Amino acid sequence: MPHARYDQRVRALVEVRGGPDDWEEAQRCFEEHGWPVRGFSTETGGEPPRGPALDPDPEARVYEIEVRLFGAAKACDRGAAHRVRKAMRGARLEAYVRFAEPIRRDREMFSHWRVVDSARHRARPPHSWRRSVSRLALRCGWYDAGGVVSGHPRQALRLARTHTPQIAGAGVRPLDGRWRGTVRYWPEEETEHRLFHAVSWSLLTAAALVFAAGRSGFAWWFWVVVAGLGAAGGVRAGARLAREGRRFGVVTVLLLMAFLTASGLGLVDGEGHGWTRRQILMTALVLGVVSGLWLLVRQWSWGEWVAWAVPLVATLALSSFLAAGSVLHALYADGLSLSPDDLEVPAVWQVLAAAKLLTLLSPLLVVPAWWGIARHRHHSYAAPGERLNVALNACFFLLMLGVVTLQALDSASTAVNRTTEAAERGDDPPSYFGVEPEWTCVEPAVPLTRLSGEGPHLSPKRPYLSFGVTAGTAILWDRTTHEPLKLQSSQIRLTPAKSGTTRCPTPTTGAS
């Protein structure tokens with residue numbers, strides 16, 4: 001089915017060879033893709049739609065079509081030509097794109113006005129304070145008579161008086177300030193584009209200054225130069241964002257840069273906690289991957305979604321999401337010589353751990369994200385129908401898989417090291433996605449010789465790290481031997497301990 005939405009329009013001359021049957025097939029192909037046919041040459045080799053530039057050929061017909069496609073405005077003519085060639089190859093037709101040019105429209109944003117009843121407004125008392133109140137009432141819509149018009153001031157007034165004859169002496173009041181200037185306002189999407197550039201350059205400046213902090217030599221100069229380039233780009237973007245008020249745009253961007261830089265260096269936070277280099281890199285990676293994937297999926301048709309995207313997403317969501325959350329817990333448990341079944345983690349923390357793991361998996365999505373960005377920019381190597389180096393992409397995918405695996409292992413091992421270090425000092429260990437070990441005194445309810453479990457010998461005088469009770473088994477961890485101790489919960493009594501260095505009370509039973 002034709003795409004109902006598109007970003008760009010490109011006028012293209014397509015020469016189709018092969019005779020009337022192939023011409024009809026090409027025309028059907030254009031209609032299936034939602035490309036309107038604006039004209040074509042006759043079967044007798046008549047003049048093409050754009051003049052006699054091409055030699056007449058009785059076996060060829062030249063179509064003038066309008067290609068509608070997603071993507072950026074830059075190089076959209078090249079992207080349209082690639083799409084037409086792909087469609088013709090898929091239909092097994094001999095066709096050539098002889099000319100392509102983007103269709104650009106210089107949109108003018110007219111000022112908007114509200115129709116008012118001028119007769120009521122003019123019938124105001126002569127007192128100055130009442131005139132001020134009347135002007136305020138006019139601005140607040142007290143004299144509005146219904147209807148909105150757009151155009152220059154005189155045009156708006158003529159439109160209001162022509163199309164609202166039931167209002168005697170109809171007038172207008174402005175709803176915006178565009179009527180004061182003479183420049184043309186760019187479209188709304190262009191405003192978003194320029195705002196994105198201003199914020200991006202500001203973020204680059206702040207991130208570069210964070211990387212420059214604490215460095216010296218070449219690294220310091222490099223990041224300072226990057227920050228300077230980012231500041232220059234931000235000032236230029238601010239000037240383009242506020243066409244008539246350049247000072248306002250530049251000052252706004254400079255203030256934004258100062259705020260982001262102060263936040264990154266920890267000057268805004270009272271505790272002095274700023275951005276870390278790892279946080280900046282991971283944030284940039286995640287934002288780039290999300291943007292690339294969005295640019296990719298927005299170009300999919302409903303047929304592509306229904307055919308494989310929706311079943312794949314549903315399968316991953318139902319069968320792998322919660323399972324993915326247990327990966328980090330399993331690595332954490334293995335680092336403490338525990339099994340994954342020894343840790344009872346609430347479902348909420350399973351989901352959060354899954355989100356963390358998916359964040360670590362974001363480098364794996366660099367390839368499809370790059371594909372989406374390349375298609376949006378109409379790069380030749382990412383155009384539809386162009387062959388890619390599959391082996392290179394496969395190697396890159398495996399490389400990123402190895403990097404993500406190392407990151408997951410590093411996350412779990414870091415948590416294990418913090419837990420063991422805190423245990424050796426006797427401090428409270430940190431939590432890890434719902435796993436909250438705490439110091440516990442263990443008092444046996446039966447003689448020590450009758451305790452059933454596994455692990456080192458129980459010493460009731462010192463506290464143990466408790467990971468909770470799972471399936472009737474108390475999961476303990478001995479900071480002396482660095483080994484787990486699993487005991488039947490029915491044979492012991494657990495009481496909280498203040499720290500790992502405190503001495504537990506002497507048990508009243510189970511000593512013998």
Side-chain angles (χ1 to χ4, degrees), residues 1-107 187 189 295-305 307 371-389:
M1 295 178 63
H3 292 288
R5 299 183 301 109
Y6 54 88
D7 295 331
Q8 309 300 332
R9 301 163 59 198
V10 177
R11 182 184 294 109
L13 294 181
V14 184
E15 181 181 1
V16 182
R17 300 178 183 178
D21 294 338
D22 288 351
W23 299 342
E24 294 180 2
E25 181 67 24
Q27 195 160 350
R28 285 194 298 269
C29 184
F30 296 148
E31 293 175 355
E32 291 176 357
H33 285 79
W35 300 334
V37 178
R38 301 305 184 188
F40 55 87
S41 61
T42 62
E43 288 84 349
T44 59
E47 185 176 305
R50 298 298 294 272
L54 299 176
D55 297 331
D57 186 356
E59 297 296 325
R61 172 183 283 184
V62 179
Y63 287 90
E64 181 180 358
I65 65 174
E66 182 180 303
V67 182
R68 298 173 175 178
L69 69 160
F70 289 97
K74 184 178 181 180
C76 63
D77 47 0
R78 181 176 60 185
H82 281 299
R83 282 164 172 79
V84 173
R85 282 195 289 267
K86 177 190 175 183
M88 295 296 99
R89 282 198 301 266
R92 299 297 188 269
L93 297 175
E94 183 183 2
Y96 305 92
V97 181
R98 307 303 295 268
F99 179 79
E101 64 174 351
I103 301 176
R104 305 190 187 278
R105 296 288 184 264
D106 187 13
R107 294 176 55 188
E189 55 270 17
L295 293 176
L296 178 64
V297 301
R298 73 186 295 266
Q299 303 186 37
W300 287 350
S301 63
W302 282 109
E304 292 172 307
W305 275 102
W371 176 261
I373 295 175
R375 287 192 63 183
H376 181 78
R377 304 295 299 179
H378 312 291
H379 290 299
S380 58
Y381 50 81
E386 298 292 335
R387 289 176 293 183
L388 295 173
N389 192 334

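Hydrogens, waters and symmetry mates are skipped; everything else that's a heavy atom, side chains included, is used. On a predicted model such as this, the values are computed, not experimentally measured, just so you know.
Between atom CG of residue Leu69 and atom NE2 of residue His33 there is a gap of 12.0 Å, rounded to the nearest 0.5 Å. How far CG of Leu295 is from CZ of Arg377: 10.0 Å, rounded to the nearest 0.5 Å. For the atom pair Leu13 CG and Glu64 CD, the distance stands at 6.0 Å (nearest 0.5 Å). One distance of note links CD1 of Ile103 with CD of Gln8; it measures 10.5 Å at 0.5 Å rounding.
Of the possible polar contacts, one joining the Arg83 side chain to the Gly79 backbone as a donor-acceptor pair under 3.5 Å is found. Side chain of His378 to backbone of Ala72: a donor-acceptor contact under 3.5 angstrom is found. Between the side chain of Ser41 and the main chain of Arg61, no donor-acceptor pair closer than 3.5 Å is present.
Under 4.0 Å is where a charged nitrogen must lie from a carboxylate oxygen, and between Arg28 and Glu25 at least one such pair does. Salt-bridge check for Arg92 with Asp22: failed, with every basic side-chain N at 4.0 Å or more from each acidic carboxylate O. Salt-bridge annotation for Arg11 and Glu66: absent, with no side-chain N of the basic residue lying under 4.0 Å from a carboxylate O of the acidic one.
The two residues Val10 and Cys76 have their closest heavy-atom pair at CG2-O, 3.7 Å.
Between Ile65 and Val84 the shortest side-chain heavy-atom distance falls below 4.5 Å. Pro102 is not listed as a side-chain neighbour of Arg9, based on a closest heavy-atom distance of 4.5 Å or more. In this structure, Pro36 and Arg68 have side chains that are in contact, with non-hydrogen atoms separated by less than 4.5 Å.
Annotation: Phe30 is in aromatic contact with Tyr63 [ring centroid separation under 6.0 Å].
For the salt bridge (charged side-chain N to carboxylate O under 4.0 Å, His left out) test with Glu94, the passing option among Arg17, Arg85, Arg89 is Arg17; the others fail.
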Pair Asp77-Val67, side-chain contact (heavy atoms from CB on, under 4.5 Å): steps then yes or no: CA-CA 9 Å; Asp77 47 0; Val67 182; over 6 Å; no
